[in-house]
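Report on one structure; see the data block that follows.
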Amino acid sequence: MDQVKYLLDEDRLPTAWYNIAADLPTPPPPPLHPVTGQPIGPADLAPLFPMALIMQEVSTERHIEIPEEVRSIYRQWRPTPLYRARRLERALDTPAKIYYKYEGVSPAGSHKPNTAVPQAYYNKQEGVKRIITETGAGQWGSSLALAGSWFGIEIVVYMVKVSYQQKPYRRALMENVGATVIASPSPTTNAGRAILASTPDSTGSLGIAISEAVEVAAQDPDARYALGSVLNHVLLHQTVIGLEAQAQLEMAGDYPDIIVGATGGGSNFAGITFPFIGAKLRGGRDVRIVAVEPAACPSLTKGRYAYDYGDTARMAPMVKMHTLGHTFVPSGFHAGGLRYHGMSPMVSHLVQLGHIEPTAMQQLETFAAGVQFSRAEGIVPAPEANHAVAGAIREALRCKETGESRTILFNLCGHGHFDMQAYMDYHAGRLHDFEYSDEEVAMALAGLPSVGA
Ligand SMILES: *Cc1c(COP(=O)(O)O)cnc(C)c1O
């Protein structure tokens, strides 16, 4: 494998993130200005992000150095363990080898601090006092809240109202480390007030919460905005997962034939897969890459690959991605982190290029997989991570049918300790599958902008 050793320090921590833009045969289509429809440049993004992150967003350098201040925090929980799921293999009676990378050992319990820490660091470097963000289930908000407290930056979180009401512990976690949490839609922004006027009992969506956060950040010269997924620089930061996995598998004398990840906005999936896809693009071994999304929010399998707005109020740039439409509000299924209407443009581009196989799974299959995994391996996965577990189990059972011995790697992107109500509901038979009908897809897609189609 190329240069992996060179990229690890004495603590086996990557010294640089991997940027897949360097190895793409064609670049993804550019982001467009939400009003003019013209390609945007770094200056357009300056009110929202620190320049260091904007430069990472558009960079085509293969390796981007991880600052020592960031690595010194990563060291608290990185490298994360790579486990062989031997008891799960036995329970499935499969000839496949199953490995999983466990991101639940971070202080926030998921992969999100991998990007929250560098984002807070670069904002601090550029004198930003306040970061405004949104959160769905609360994993991103709690990760950024922690990073803010480490770097001395105030954090304001617009939290999707249904989660704000149903997940008081997540809110407490953010407030405990000093963040301000506001239920979205809120009366504090034009975007929020507009939604409340038309839909007073709106339970919110990520698209609405993003609009509120972007509006506040853009108007405050001391503030910037932060996103926990979707964007190139976020995916870049997450590649520590796959870079470590490459080195760890090399130590184990193995290499994956299949990699499975859960996709919401695409960041944990990109984190584990991009270093392997990159190796393949540079002439290395072939790997099957499987993306698993919820059937109730099927952007990759039922959405359209088109330009769409990143948020409901159409203030964020338009990007070309697999989208269900920026007005999409998903049904109440439990994987809160997988409810975004679109997919990362970079992941979408790689799907179009044929490097990723998207699949959708129903909620009940994912929870059944999570329970089977808990019983075998002793770790309770986050409902989002259950999609990766279920995908890996499907592949392992396929190996059992065909008698093929394959090496499967998946990303266990977080633990489910704050999601036990969902497991209780599952065991009590209160969870249901949601099919997203073709009529609903058509309706949500009707509002797509008519640019660059
Ligand atoms: C946020 C989150 C996700 C979804 O985001 P991606 O960018 O697709 O990774 C998935 N799993 C967990 C545990 C999360 O916290």
Side-chain angles (χ1 to χ4, degrees), residues 80 100-116 119 133-146 157 159-160 163 167 170 173-174 206 209-210 226-242 259-274 290-294 296-300 310 321-322 330 333-348 350-351 356 358 360-361 366 370 373 379-391 410-419 422:
T80 59
Y100 60 98
K101 184 81 168 144
Y102 184 40
E103 290 296 308
V105 295
S106 87
S110 77
H111 63 287
K112 296 260 173 33
N114 297 336
T115 185
Q119 289 196 47
T133 195
E134 72 290 323
T135 197
Q139 289 112 325
W140 168 241
S142 46
S143 300
L144 192 67
L146 263 178
V157 184
M159 185 173 189
V160 175
S163 298
K167 308 206 162 168
R170 289 268 185 208
L173 209 56
M174 292 182 261
L206 269 178
I210 294 173
L227 194 60
S229 184
V230 177
L231 299 176
N232 296 340
H233 66 266
V234 179
L235 276 51
L236 173 82
H237 300 154
Q238 293 296 350
T239 59
V240 287
I241 303 171
I259 308 178
V260 184
T263 49
S267 74
N268 89 83
F269 171 81
I272 196 158
T273 61
F274 279 11
V290 179
V292 185
E293 65 181 8
C297 189
S299 55
L300 282 176
M321 60 181 174
H322 290 86
F333 68 100
H334 270 288
L338 307 183
R339 297 165 61 93
Y340 186 56
H341 67 270
M343 179 51 58
S344 145
M346 193 62 92
V347 170
S348 289
L350 285 158
V351 168
I356 296 168
M361 277 204 204
T366 66
F373 183 85
I379 297 172
V380 184
E384 295 85 1
N386 281 343
H387 291 73
V389 177
F410 75 90
N411 196 23
L412 192 65
C413 48
H415 68 62
H417 298 175
F418 285 92
D419 303 284

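Counting starts at 1 for both ligands and their atoms, following the listed order.
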Checklist outcome for this item: Of E103, K112, Q139, the residue with the heavy atom nearest atom 3 (C) of ligand 1 is K112
Item to check | H237 side-chain N/O to V234 backbone N/O, donor-acceptor pair under 3.5 Å | outcome: no
Checklist entry - E384 to ligand 1: N or O pair under 3.5 Å? => result no
Item to check | Sidechain-backbone polar pair: Q139 side chain, G109 backbone, donor-acceptor under 3.5 Å | outcome: no
Checklist entry - Parallel, tilted or perpendicular: which fits the ring planes of Y100 and Y102, with parallel below 30° and perpendicular above 60°? => result perpendicular
Item to check | Identity and separation of the nearest protein heavy atom to atom 8 (O) of ligand 1 | outcome: G264 N, 2.7 Å
Checklist entry - For the side chain to side chain donor-acceptor pair (under 3.5 Å) test, which of N268, T273, T80 pairs with N411? => result N268
Next on the checklist: Applying side chain to side chain contact (heavy atoms under 4.5 Å, CB included) to S110 and E103, what does each step give before you reach the verdict?
Outcome noted: CA-CA 5 Å; S110 77; E103 290 296 308; 5.9 Å; no
Next on the checklist: Which of the numbered atoms in ligand 1 are under 4.0 angstrom from any heavy atom belonging to S229?
Outcome noted: 6 (P), 7 (O)
Checklist entry - Is any N or O atom of G265, backbone or side chain, closer than 3.5 Å to an N or O atom of ligand 1? => result yes
Next on the checklist: Counting non-hydrogen protein atoms only, what is the nearest one to atom 5 (O) of ligand 1? Give residue, atom name and distance.
Outcome noted: G337 O, 3.9 Å
Next on the checklist: Please confirm whether G266 approaches ligand 1 to less than 4.0 Å, judged on its heavy atoms.
Outcome noted: yes
Item to check | C297 backbone acceptor or donor facing Y340 side chain under 3.5 Å | outcome: no
Checklist entry - Going by the order shown, which atoms of ligand 1 are within less than 4.0 Å of some heavy atom of S267? => result 6 (P), 7 (O), 8 (O), 9 (O)
Checklist entry - Are any side-chain N or O atoms of T366 and backbone N or O atoms of A390, one a donor and one an acceptor, separated by less than 3.5 Å? => result no
Checklist entry - Counting only heavy atoms, which portion of L338 has something under 4.0 Å from ligand 1: side chain, backbone, both, or neither? => result side chain
Checklist entry - How far is atom 12 (C) of ligand 1 from its nearest protein heavy atom, and which residue and atom is that? => result H111 CE1, 3.7 Å
